[in-house]
Each structure stands twice: as structure tokens, then as C-alpha cells.
Amino acid sequence: MQKTEKNSDSGLLSHLNEAQRAAVAFCDGPSLVIAGAGSGKTRVLTYKIAYLLEQGLPPYYILALTFTNKAAREMKSRIADLVGEKRARRLWMGTFHSIFARILRSEAEAIGFQSNFTIFDSSDSNNLVRLIIKEMELDDKQYRPGVVHGQISRAKNSLITPAMYAANTEIIQYDRMAKRPQLFEIYQRYQSRLRSGNSMDFDDLLMYTNILFRDHKEVLEKYRNQFQYILVDEYQDTNFAQHLIVKQLADAHHRVCVVGDDAQSIYSFRGANIDNILKFKSNFPGTQIFKLEQNYRSTRNIVNAANSLIKKNSEQIFKNVFSENEEGEKIEIRSAFSDFEEALIVSNKIARMRLEKYAGYNDFAILYRTNAQSRAFEEALRKNNIPYRIYGGLSFYQRKEIKDIISYFRLIVNPNDEEAFRRIINYPTRGIGAVTVAKITSTAQRHNVSLWQVVTAPLEYNLDVNTGTAKKLEGFYSLIQGFIDKNETMNAFELAQEIIKNSGIAKEAYDDMTPEGMSRAQNMQELLNAMNEFVETQQEQGEENIRLADFLSEVSLLTDQDTDNEADNERVTLMTVHSAKGLEFDHVFVVGLEEDLFPSAMAKSEIRGLEEERRLFYVAITRAKKSCTITYAKSRFRNGQTNPATPSRFLKDIDSSYIEGGENDFITRTAPADDFWGSMREQRLQNTMSNHTITPKRVVPVQRVASSTPLSKEAQELEVGHIIEHERFGRGVVTSIEMSGNDRRAFVEFESAGKKQLLLKFAKFSIVE
DNA sequence: GTAGGCCCCTTTTTT
DNA sequence: AGGGGCCTAC
């Protein structure tokens with residue numbers, strides 16, 4: 001950022017530019033800070049909090065809501081640098097979900113929950129929806145669990161309860177049109193199932209907070225008084241439920257500051273409503289608006305290119321983002337034949353740039369639209385011996401073996417948790433199958449109790465099972481009850497060890513000597529390590545009895561992004577554009593710029609969707625500090641098939657003057673000017689084999705030859721009969737070599753690409769034999 | 001009641 | 001390519 005951090009107790013404001021200073025110093029009413037990409041948004045938030053503390057506001061009177069746990073942690077530590085660890089620690093700072101989960105736990109009784117409620121993650125939610133659909137004997141093609149849950153989620157984020165949903169003729173009409181007339185009932189059942197299991201899903205954390213505030217004014221009053229100043233980061237990505245929470249809490253004193261950038265709103269699929277930021281001023285009369293327009297992160301070229309892109313969107317708050325940094329390199333757009341070659345090009349460029357620019361691996365990031373794209377890059381990086389770290393995808397806590405163990409924890413802490421019960425009633429196998437579980441379920445429903453309660457007293461509920469099964473159920477009951485008893489005295493780590501040992505999980509894990517089994521065992525060990533660490537750090541901070549519940553509530557809102565170990569940071573970062581929000585890297589590769597991928601096929605039917613995709617691309621480009629490379633492939637392997645792909649429409653949205661070789665159309669501008677012939681061939685090739693699939697059989701790292709250097713060793717030694725591996729055309733045999741002017745030219749018969757002629761001065765290949 | 005194999009379907013992004 | 005659901009054989 002623009003100035004070096006100084007730990008000074010006077011003149012905090014002197015570290016800021018004029019716009020930032022104004023935003024920080026205004027504390028008497030509602031304010032909206034429109035912060036362009038890289039304009040020091042986090043800096044404003046941290047300094048503002050530090051400033052409030054300096055003014056004498058106690059830290060526990062400040063509520064600061066961030067988008068991710070990681071953002072909260074980072075901000076906290078930066079504030080600690082300014083005002084000291086002690087005060088920083090007492091701030092109420094975290095994500096909406098984690099802060100209000102905490103509040104809901106302490107106010108649980110008011111809304112009819114116990115404070116040990118479980119939090120369902122999305123896969124738990126989907127499972128429950130799937131189960132209900134099955135119970136209602138509905139067609140799960142018509143009612144796809146994911147889609148149904150998505151609809152429920154949207155309803156909750158708009159604070160539409162099941163009752164309101166069923167009463168809303170417009171929605172009912174819509175569902176009927178969509179051939180899902182029973183959706184309201186699924187929602188109803190889903191919600192009451194969660195409640196009877198003393199569980200909440202992610203959306204409930206926000207919805208019940210609103211219900212709590214609505215129905216218990218004294219509670220609302222309490223938190224209104226406590227949170228004397230409220231700050232919200234990434235406001236453009238809040239939904240209605242979040243907006244209303246903020247509004248209610250701030251309504252008495254109006255000391256609220258929200259920060260965001262409408263141009264970076266990328267979460268509408270999750271209910272985020274861009275209107276929250278666009279209409280903030282009318283929601284909070286007297287709002288002061290501050291605009292941060294100077295970008296300190298990126299070169300002028302990158303900022304200008306991004307601006308030219310985002311200009312193509314219609315709805316936005318006017319702002320003029322500019323940079324006073326050096327002009328920097330132009331954006332390079334490169335095409336590849338296939339996704340594999342795309343990965344190869346990127347990994348080669350990383351290897352080269354690392355040497356040329358003395359960059360560390362952690363200065364590089366590869367950003368893609370979908371998680372599935374990571375695979376090709378992983379492979380190419382591994383082959384080039386480039387260390388990398390993937391964020392997202394299957395997070396550690398989503399792995400089956402981990403979720404199974406966590407389900408034990410959940411059932412112990414909250415025995416009414418139906419989802420957890422189902423997961424482990426027969427894991428490891430103990431002879432309690434689907435039939436028995438179905439009986440338990442119907443018995444439970446008949447008596448309106450939880451599955452666990454049936455198991456605690458099968459006779460009382462007339463559970464109809466034979467003696468053998470009854471015995472097995474008894475065994476399961478005493479196993480879990482034993483853990484519940486031990487939970488009274490043991491700390492989280494000790495109990496976890498006990499569970500893994502006594503449940504039979506350990507035996508199963510050790511017996512499995514397959515590589516997958518061993519990695520599962522390893523993951524379990526890692527979970528234990530994490531728990532041990534959790535317990536120890538909590539103890540260091542003076543907490544005494546660290547119970548399973550403490551670990552669980554910590555862990556259920558954790559995502560992969562939050563668990564990064566600082567130790568191995570010399571790595572290239574691979575992540576989706578979504579998860580890159582708020583981060584920055586010296587050198588960024590935005591990959592897969594193809595129609596139906598980026599923009600996603602899902603989004604392009606509507607203008608709104610398309611504009612969101614464009615904002616996403618904007619976010620991707622603005623992550624870059626020094627250089628940005630964009631790639632696309634002409635064929636891509638997706639869903640088990642190789643399909644032809646066309647370049648993304650977004651490429652045309654970037655003003656060509658900011659693009660390397662920008663005067664040419666990007667279709668022909670395949671590689672830097674050194675490869676004119678190559679691009680001609682590619683075009684011909686694409687025309688003649690539009691429906692063919694091109695997948696190199698082997699991907700071999702290819703030595704790159706800079707065009708300015710004299711002939712490479714490879715090129716000098718090349719002879720007729722050699723077999724070569726070409727960066728783009730794959731493997732081929734040299735049929736003849738001739739001189740053309742001052743240059744040698746080789747004729748090569750490629751296995752898949754056919755006959756080609758290569759100018760040896762420029763060709764990128766290696767000799768195989 | 002369980003295990004193993006086949007077939008289907010999938011994919012956008014995440015707290 | 002991969003996971004999950006469903007069916008069949010024991």
C-alpha cells in the first residue's frame with residue numbers, strides 16, 4: 001500500500017490520503033464508502049476502528065462485519081499493530097454468520113432453540129432436502145435437491161418464512177409454473193425438521209437473528225446499546241436479511257459505516273442484493289458518501305484495462321478509479337489449443353517470469369471461473385516442479401472421513417441432530433441398515449420426537465424391531481451415551497481420541513491399506529492435530545474447559561480459505577475468482593476466457609447475469625499489481641468430453657490499447673508477434689477440424705526459447721528423423737530441413753496436428769529422440 | 001442386511 | 001473423470 005505502516009499513537013490520520021482521511025474521521029452519522037478496487041478499503045476500515053478506539057470508544061462497543069473469517073483475522077491483526085493486541089482482541093469482529101451464531105447461542109431460548117444447536121453446512125442441507133423429497137414421494141428430477149435448497153435459501157435470505165411462503169400467491173404461482181408446486185411444503189417440512197433437530201442452516205443464522213430482534217425488542221435494545229458503532233465490509237455482497245440486521249442495530253444511533261464497491265458485486269447467486277449499496281443513502285437518511293478512487297495496487301495499464309471493461313456495464317455508481325503507479329506492462333492475451341496446453345503455457349510463463357523478474361512463487365496466482373479447471377494446472381505445475389496451493393473445492397472439513405467424525409461430535413453435543421444421527425448410526429457398519437433406520441424415522445415422526453430419543457427408549461415408543469436389531473441399537477445407544485457422559489469431564493481433544501478409538505473408526509482406518517485409505521487415516525490424524533492445537537491455544541488464552549461444543553462451533557463456520565498455514569507460502573496460488581476477492585498478487589493469470597465458461601453458460605441468458613460475470617472478470621483483473629495474463633483455449637475437456645470453445649465476449653470489452661499487440665484482433669493474436677505463422681496455421685486448423693477433439697496424449701514441459709536469443713541448442717541440433725515435442729502441436733517427426741533466407745525451417749509430420757513447417761528461430765519445442 | 005458393480009448425472013461461484 | 005444412487009447377488 002501507499003505508505004509504510006507506522007505504529008504511532010498520534011496522527012493516525014496522517015497515514016491516509018485525503019479521501020481516506022475524510023472517510024475515517026467522519027463518525028457522527030451513517031456513511032457509505034465507495035471504494036474502487038485497490039483503493040485502500042481495508043486500510044480505511046482498520047484505521048477507522050483504530051481511530052474510534054483512540055477517541056475512547058471501548059472495543060466491545062464496536063461491531064465490525066466482514067465477508068470471510070480470514071478477512072476478519074487479518075484486519076484484527078492490523079488493528080492490533082496500531083492499537084495493541086489487548087484492545088483489538090475485544091472487538092466484535094467477524095463474519096455475519098459467525099457473529100450472529102454467537103449471539104444466537106446466547107439468546108437461543110428466546111427463539112425456542114438450545115444454545116448447543118448444530119449448524120448445517122450446505123451438503124447437510126441438501127441431504128435433508130433430498131430426504132424430505134423422498135419421503136414426500138416426489139420426483140427428484142423435478143425437485144432437484146440443490147435447486148430446491150437454493151430456492152429455500154433465497155426465501156430465507158429475503159426473510160420469507162415457510163408460512164409467508166405458502167401464503168404468497170405470487171411465489172406459489174411461480175412454483176406451479178416451474179412444475180414444483182410442492183415446494184412450499186418441502187420448505188415447511190425442512191424448516192420444522194431443522195428446528196426439531198435443534199439445528200440451523202447458514203441462512204437460518206441470519207433469519208433467526210431477524211426473528212429474534214423482531215419478537216424480542218428487549219434483546220434488540222440490548223445489542224443496540226452495545227454496538228455503538230457498526231462497520232460493514234463488502235457491503236455490495238450483503239443480502240436483505242443482512243441489510244435488515246444492520247439497519248435495526250443502527251437505527252437508534254445511526255453510527256454505521258459501510259464499505260463496498262458496486263463494481264465488485266459478485267454474489268447475487270447467493271442472495272446478495274446490489275440495491276443494498278445503491279440504496280443505502282435512502283435507507284439511512286443523512287448518509288455521507290465518500291469515494292476512494294485512487295488505486296494504489298496496480299499499474300496504470302491494469303487499472304485502465306479494467307476500467308474499459310467495467311464501462312460496458314450499465315448500472316453503477318459513477319466513480320473514476322485511477323492509478324499513479326508506473327504504466328507497467330500491457331495485458332497479454334494468449335490462446336491455447338486445449339485446456340492442457342493452456343496450463344502448460346501458464347506454467348511455462350510462471351517459470352520464466354520467476355527468473356526474469358526475480359519473483360517468488362507466492363507472487364503468482366492462477367484464477368479460474370470454476371473449481372474443475374484447477375486439475376489441468378495442477379498437473380502442469382507438478383510436471384514443471386512448481387509448488388502450488390489450491391484453495392476451495394473440497395475443503396478439509398467436507399471430506400467424508402472428517403464429516404463422519406464431526407458427525408459423532410455433533411451427535412454428542414446435540415443428540416437431536418438428525419443429519420448427524422443418520423450419518424453415523426451405521427458407520428462404521430454395525431448391522432443397522434436402511435430398514436431399521438426407516439422404522440426409527442417413522443416411529444420418531446409418529447411420536448414427534450427425534451431419532452435419538454427413539455433409540456434411548458425403544459420400548460416406550462413401541463419401536464418394532466427384532467431382538468437382534470434391538471441389541472445392536474442398544475449397543476449404539478450406550479456407545480454414544482458413554483461419549484456424552486465423558487463429554488462432561490474430558491476436553492475436546494481427549495474426547496476426540498476416545499471417539500476415534502472406541503467407535504471402531506480407528507480399526508477401520510488402520511485395516512484399510514489402500515492409498516486412499518491411508519490418506520483418510522492421515523486426514524483423521526490431521527483433524528486430531530488441529531483439535532489439539534485448538535485446545536492448547538484456547539488454554540494459553542486462559543480458557544479452561546475446552547469442550548467439544550467449543551471446537552464444533554468454531555469449526556462449522558470455517559472454510560478452506562481460513563485454514564492456511566503460513567509455513568508454506570512459497571507457492572503459486574490457484575483459486576476461483578470468487579475466492580480471490582479482496583486479495584492481490586504481483587502477477588495474475590486469468591484463465592479459461594471462453595464463452596459458456598467465463599461468462600458461465602448459466603449466466604448469459606439474462607443481462608443481469610452477464611453483467612455480474614463481467615464484474616467477476618473485473619475483480620479478476622484488478623487482483624493484479626504488476627502483470628496480468630489472460631488465456632483461453634480452443635478446446636476444453638469438460639464433463640468427460642472434449643468440446644470446441646470460442647473466445648469469451650469479454651475479451652473484446654477490454655480496450656485494445658492496453659493489450660499486448662492490441663492493434664490486431666485477439667483471435668489472430670495467438671502468441672506474441674514471433675509466431676505469425678503459428679497463428680495462421682492455427683486458424684486453418686481450427687477451420688478444418690472444428691469437430692475434432694485435440695487432446696495431447698502426454699503433456700511434456702517444453703523448454704521455452706526467447707525470440708531475441710540466437711538459435712537454441714535444440715534448434716541448432718535438429719536433424720531430419722528427430723522426434724520432437726512441440727509446445728502446441730504435440731509430438732511429431734522431422735521430415736526435412738531447409739534454409740529460408742537466414743533462417744532454418746523444418747518440416748514436421750505431427751501425430752495429431754498433421755504436417756507443419758516450423759521456423760526454428762521461433763518454434764517452441766524440445767527434441768525427444 | 002451388506003457389499004460390490006453398474007449406470008447416471010453432473011458443474012458456477014460460497015458463508 | 002468422478003461420485004453417488006440404485007440394483008443385484010450373496
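Just so it is clear: chains get the letters A, B, ... in the order the sequence lines come, proteins before strands, and each one is counted from 1.
Set against B/dT13, B/dT11, B/dT15, the side chain of A/Met602 has B/dT11 as its closest nucleotide. Listed candidates were B/dT11, B/dT15, B/dT13. Nearest to the side chain of A/Ala372 is B/dT11. Picking from B/dG1, B/dT2, B/dT14 the nucleotide with the shortest atom distance to the side chain of A/His578 gives B/dT14.
Mapping A/Tyr267 and A/Ile432 onto DNA chain B via the closest heavy atom, the residue that lands nearer the 5' end is A/Ile432.
Side-chain polar atoms of A/Thr436 and A/Lys472 form no donor-acceptor pair below 3.5 angstrom. A donor-acceptor pair shorter than 3.5 Å can be found between the side chains of A/Tyr190 and A/Ser125.
Residue A/Asp237 contributes atom CG, which lies 12 Å from atom P of B/dT14 at whole-angstrom precision. Across the protein-nucleic acid pair, A/Asp201 atom CG and B/dT15 atom P stand 15 Å apart, rounded to whole Å. A/Ile266 places its CD1 atom 13 Å from the C1' atom of B/dT15, with the value rounded to the nearest Å. Here B/dT13 presents its P atom at 13 Å from CZ of A/Arg270, a figure rounded to the nearest Å. Remark: P of B/dC9 and CZ of A/Arg638 are 18 Å apart, rounded to the nearest angstrom. One can place OH of A/Tyr391 at 18 Å from C1' of B/dT13, the figure rounded to the nearest angstrom. Rounded to an integer number of Å, the gap from A/Asp124 CG to B/dT14 C1' is 15 Å. One atom, CD of A/Glu234, and another, P of B/dT14, lie 14 Å apart when rounded to the nearest Å.
Nucleotides C/dG4 and B/dT13 are separated by 22 Å at their C1' atoms, to the nearest Å. Atom name C1', nucleotides B/dT11 and C/dC6: the rounded distance is 22 Å, in whole Å.
Salt bridge absent: A/Lys41 and A/Asp261 never bring a charged side-chain N and a carboxylate O closer than 4.0 Å. A salt bridge does not link A/Arg638 with A/Glu594: none of the charged nitrogens is closer than 4.0 Å to a carboxylate oxygen.
Considering A/Asp204, A/Asn210, A/Asn239, A/Asp203 as possible partners of A/Lys156, the one that fulfils the side chain to side chain donor-acceptor pair (under 3.5 Å) test is A/Asp204.
Ring orientation note: the planes of A/Tyr223 and A/Phe213 are tilted relative to one another, at an angle of 30° to 60°. Between A/Tyr267 and A/Phe67, the angle of the ring planes lies from 30° to 60°, which puts this pair in the tilted group. Relative orientation of the A/Phe117 and A/Phe113 rings is perpendicular, given thresholds of 30° and 60° on the angle between their planes.
Within 4.0 Å of A/Val577, counting heavy atoms only, lies no atom of the nucleic acid at all. Within 4.0 Å (heavy atoms only), A/Phe67 reaches sugar-phosphate atoms of the nucleic acid but no base atom. Within 4.0 Å (heavy atoms only), A/Ser98 reaches no atom of the nucleic acid at all.
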TODO: Dump the intermediate steps for side chain to side chain contact (heavy atoms under 4.5 Å, CB included) on A/Ile440 and A/Leu473, then the final yes or no.
DONE: CA-CA 10 Å; A/Ile440 297 174; A/Leu473 284 177; 3.9 Å; yes
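One finds no side-chain N or O of A/Ser600 lying less than 4.0 angstrom from the OP1 or OP2 phosphate oxygen of B/dT13. Of the side-chain N and O atoms in A/Arg144, one or more sit less than 4.0 angstrom from OP1 or OP2 of B/dT10. Note on A/Thr576: a side-chain N or O is less than 4.0 Å away from OP1 or OP2 of B/dT14. Listed pair A/Asn371 / B/dT14 meets the phosphate criterion, a side-chain N or O lying under 4.0 Å from OP1 or OP2. Between A/Ser579 and B/dT14, a side-chain N or O to OP1/OP2 separation shorter than 4.0 Å is present.
Once the 5.5 Å centre distance and the 30° plane angle are applied, the aromatic ring of A/Phe269 is found stacked with the base of B/dT13.
A cation-pi arrangement is present between A/Arg389 and A/Tyr391 under the rule of less than 6.0 angstrom and at most 45 degrees off the ring axis. Because its NZ or CZ atom is both nearer than 6.0 Å to the ring centre of A/Phe120 and within 45° of the ring axis, A/Arg410 counts as a cation-pi partner of that residue.
When DNA chain C is scanned in the 5' to 3' direction for atoms under 4.0 Å from non-hydrogen atoms of chain A, the outermost contacting nucleotides are C/dA1 to C/dC6.
Annotation: proximity of residues 129-137 of chain A to DNA chain C (heavy atom, distance under 4.0 Å) is found for A/Arg130, A/Lys134, numbered in ascending order.
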